[in-house]
Amino acid sequence: MNDHDLVSGSIQKRSPGLMSSGYWYVFGVLSYFFSYTDDRIREKMWLNYKGEKQFTHDMDGKLILAILALLILPAGGFAAPIPDDLQILTEDNAPLNYIENGTLQGITVDMMEEILNRMGSNLTRDSFKVISWNDAYTQISNNPDTMILAMDRLPEREDQFLWAGPVITVPQVLFVRTDSNLSDETDIGALRIVTITDDCGKTYAINAGADESNIVEVPSTGDAVRMVENGSVDAWVYNELAGMKAIDQFAKDPNTFGMGKELGSSRVYYAFNRGTSPAFVQEVNATIQSLKRDRSETGVTGYEHIISRYIGVQCSFNSTGKEKVIDLVNKTAIALSSDAPGTIADINAGKAPYRDPTDPELYAFVFDKNVTLLANSVNSANNGKNLSGTTDVTGKAFRDDMVDGAVRNGTGWVSYVYSNPDSLGLYQKMSYYQLVNGSDGISYIVGAGRYVSCDEVTSPES
């Protein structure tokens, strides 16, 4: 997605590491396989896995055997050797990856360093060196055991590389001068647009209706900022986070810049040369999933810790309605009052309605009065664990607040910060809870949540 200076590192041979849990390895393998599967087939396979529809798509037998072989390998964990002389490449593109005060940092850098650490390597970012983007792209295209941090997974790039992730979602926007009088209704086809050479911004601009003959490519973000500033072009297409950083760095007056229309969102991945060991790529992917979902230590994922260092809390453009959340909690409470053991089992099995088949963000969970998690329909890793005192990434002990509120008031809402593994990033979330007496005489606290919508954040009544 990318322009100017990149960072590369030569990784020497290390002893292979072990995944901390076979559960996360299996999850990562499934994610890795599903990432190469057509959306329609993917849906059918998932429904078949849940027992709701039979998967009938004709697939290559060798591929199926390979997947089965992968799933039975990790009886006690899985070791994937880190390739000899692995080259890691990344650009200077804040806040994903950049150099500040002589130190390489950023979301994708921190994550990759943590991934290598969990895989048994003692390598750090200090081994990375700077090269140009063109040289880096040439290397990943031609040299096995080469990877880039990070790249938008565009359709035209799909078959060129192997992929692990996604790491984060970044909006692609038009940056314009505030005195340009451009609006969302402006015909993008009439605009003179600048993009970075080989950056995904050009693809997003063309897909949004830009005239390719009106697009100018330049080698660096500084060049793009200056062209908008001096009026040589009307707009610059780039990712929102890095674009704002570049404007602060290169513009004579950053206040003269504003953001126009959003053209889409980049799902940023780690990309690997296709000659890189598939087992290594699979373990990288499995470790990413663990970073995103494993809350077993403090209640906060490693992914949330890393993201919080660089970007703030976001709102959601697509949010589940409050009425749906309340309805799910009420249904779950009624079921617990009539058959608590059976309902707990169904929740942990991910059965509907406790896990909504059409809305992945809508799911039920259950605590006892001691803040022990008893059921979660999307992630059972912490079932049976007492989560009292665990917090969100801001330090709020929202699980305790939820249980305390239920005991005192019966029902209520609690707000907190939570990551969304699908949308990627940190979001404001709120959960509705209810105290219920189960059929077994045990008191349960039932909950379900939703991400706060941007309309709620901007509303005067919010």
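Position 1 is the first residue of the sequence; numbering continues from there.
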**Q** Given 3.5 Å as the limit, does a donor-acceptor pair link the side chain of T108 with the main chain of L96, or not?
**A** yes
**Q** By salt bridge (Lys or Arg N to Asp or Glu O under 4.0 Å), which residues pair with K331, not counting sequence neighbours?
**A**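 Partners of K331 by the salt bridge (Lys or Arg N to Asp or Glu O under 4.0 Å) criterion, ordered by chain and then number, come out as D327.
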**Q** In chain order, what residues pass the ring pair (Phe, Tyr, Trp, His ring centres under 6.0 Å) check against Y416, with sequence neighbours excluded?
**A** F398, Y418
**Q** Do you know which of V225, T221, V170 makes side-chain contact (heavy atoms from CB on, under 4.5 Å) with Y238?
**A** T221
**Q** Counting only N and O atoms by type, is there a donor-acceptor contact under 3.5 Å from the side chain of T287 to the main-chain atoms of E283?
**A**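 Here the side-chain-to-backbone pair exists.
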**Q** Treating D152 as the side-chain partner and C200 as the backbone partner, does any N or O pair qualify as donor plus acceptor under 3.5 Å?
**A**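 No; judged by distance alone, with no hydrogens or angles, the pair does not exist.
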**Q** Flag this pair as yes if the NZ/CZ of R153 is under 6.0 angstrom from the six-membered ring centre of Y269 and inside a 45 degree cone about the axis; otherwise no.
**A** yes
**Q** Could you walk me through whether S443 and L435 pass the side-chain contact (heavy atoms from CB on, under 4.5 Å) check?
**A** CA-CA 7 Å; S443 294; L435 179 68; 4.1 Å; yes
**Q** Could you grab the distance from atom CD of Q105 to atom OH of Y98, nearest 0.5 Å is fine?
**A**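 Taking CD in Q105 and OH in Y98, the distance rounds to 4.0 Å.
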**Q** Treating Y310 as the side-chain partner and G106 as the backbone partner, does any N or O pair qualify as donor plus acceptor under 3.5 Å?
**A** yes
**Q** Can E361 and R450 be said to form a salt bridge (Lys or Arg N to Asp or Glu O under 4.0 Å), step by step?
**A** CA-CA 7 Å; E361 296 178 6; R450 59 184 293 273; over 6 Å; no
**Q** Would you confirm whether Y451, through its side chain, and M430, through its main-chain N or O, come within 3.5 Å as a donor-acceptor pair?
**A** no
**Q** Please check this pair: side chain of S319 against backbone of S316, looking for a donor-acceptor N/O pair closer than 3.5 Å.
**A** no
**Q** Could you list the residues that satisfy side chain to side chain donor-acceptor pair (under 3.5 Å) with D359, not counting sequence neighbours?
**A**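 T320.
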**Q** Test of understanding: with ring pair (Phe, Tyr, Trp, His ring centres under 6.0 Å), list the residues that count as partners of F257, not counting sequence neighbours.
**A** none
**Q** With N93 as reference, evaluate I196, N239, L149 under the side-chain contact (heavy atoms from CB on, under 4.5 Å) test and give the passing residue.
**A** N239
**Q** Would you please classify the geometry between the W413 ring and the Y432 ring as parallel, tilted or perpendicular, with 30° and 60° separating the classes?
**A** tilted
**Q** Any idea which heavy atoms bring T332 and A364 closest together, and the distance?
**A** OG1-CB, 3.8 Å
**Q** Applying side-chain contact (heavy atoms from CB on, under 4.5 Å), can you list everything that pairs with A448, at least two apart in sequence or on another chain?
**A**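 A448: side-chain contact (heavy atoms from CB on, under 4.5 Å) contacts with V325, L328, V329.
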**Q** Within the supplied structure, the quantity of interest is the number of heavy atoms (other residues, nucleotides, ligands) at a distance under 6.0 Å from K396 NZ; does it exceed 12?
**A**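 Counting other residues, nucleotides and ligands, NZ of K396 exceeds 12 neighbours.
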**Q** Regarding N386 and T372, do their side chains bring together a donor and an acceptor under 3.5 Å, going by distance alone?
**A**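 On atom types as modelled, these side chains qualify, holding a pair under 3.5 Å.
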**Q** Are T343 and D346 close enough that a side-chain donor and a side-chain acceptor fall under 3.5 Å?
**A**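 Their side chains do not contain a donor-acceptor pair, so the 3.5 Å distance test is not met.
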**Q** Would you list the pairs meeting salt bridge (charged side-chain N to carboxylate O under 4.0 Å, His left out) in which at least one residue belongs to residues 240-250, sequence neighbours left out?
**A** E100-K245
**Q** Would T358 and D356 count as having a side-chain donor-acceptor pair, cut-off 3.5 Å?
**A** yes
**Q** Which pairs, with at least one residue in residues 298-310 and sequence neighbours excluded, count as a salt bridge (charged side-chain N to carboxylate O under 4.0 Å, His left out)?
**A**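 For residues 298-310: D110-R309, R295-E304.
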**Q** Just by distance, with hydrogens left out, do S266 and Q172 show a side-chain donor and acceptor under 3.5 Å apart?
**A**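 Side-chain D/A pair, S266 to Q172: present.
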**Q** I'd like to know if the side chain of Y270 reaches the main chain of P166, judged simply by a donor and an acceptor atom lying under 3.5 Å from each other, with no hydrogens or angles considered.
**A** no
**Q** Salt bridge (Lys or Arg N to Asp or Glu O under 4.0 Å) with D145: which residues, sequence neighbours excluded?
**A** none
**Q** Output all residues satisfying side-chain contact (heavy atoms from CB on, under 4.5 Å) with Q314, sequence neighbours left out; order by chain, then residue number.
**A**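 With sequence neighbours excluded, Q314 shows a side-chain contact (heavy atoms from CB on, under 4.5 Å) to I311, Y427, given in chain and number order.
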**Q** Is E297 atom CD crowded by more than 12 heavy atoms from other residues, nucleotides or ligands, each under 6.0 Å away?
**A**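 Not more than 12 within 6.0 Å, no.
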**Q** Checking N376 now: which residues fulfil side chain to side chain donor-acceptor pair (under 3.5 Å) with it, not counting sequence neighbours?
**A**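 Residues passing side chain to side chain donor-acceptor pair (under 3.5 Å) with N376: none at all.
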**Q** Grab the two heavy atoms, one from N370 and one from D368, that are nearest each other, plus how far apart they are.
**A** N-OD1, 2.8 Å
**Q** For V167, is there any backbone N or O sitting under 3.5 Å from a side-chain donor or acceptor partner on K292?
**A**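 Checking the backbone N and O of V167 against the side chain of K292, no donor-acceptor pair under 3.5 Å is found.
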**Q** Starting from the C-alpha separation in whole Å, work towards a yes-or-no answer on side-chain contact (heavy atoms from CB on, under 4.5 Å) for I88 and L116.
**A** CA-CA 11 Å; I88 297 182; L116 290 169; 4.0 Å; yes
**Q** Can you name the residues that form a side chain to side chain donor-acceptor pair (under 3.5 Å) with N383, not counting sequence neighbours?
**A**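 Side chain to side chain donor-acceptor pair (under 3.5 Å) check on N383 returns N348.
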**Q** In chain order, what residues pass the side chain to side chain donor-acceptor pair (under 3.5 Å) check against T391, with sequence neighbours excluded?
**A**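 Partners of T391 by the side chain to side chain donor-acceptor pair (under 3.5 Å) criterion come out as none, since no residue qualifies.
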**Q** Would the distance check show the side chain of S141 and the main-chain N or O of Y137 forming a donor-acceptor pair, the cut-off being under 3.5 Å?
**A**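 Present.
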**Q** Does the side chain of T390 pick up a donor-acceptor pair with the side chain of R399 at under 3.5 Å?
**A**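 Present: a donor and an acceptor within the cut-off.
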**Q** Between the side chain of E158 and the main-chain N/O of L154, is any donor-acceptor distance below 3.5 Å?
**A**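 Not at all, since once roles are kept as given, no pair shorter than 3.5 Å links the two residues.
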**Q** Test side chain to side chain donor-acceptor pair (under 3.5 Å) on D294 and Y303 and set out the steps.
**A** CA-CA 9 Å; D294 186 3; Y303 178 81; over 6 Å; no
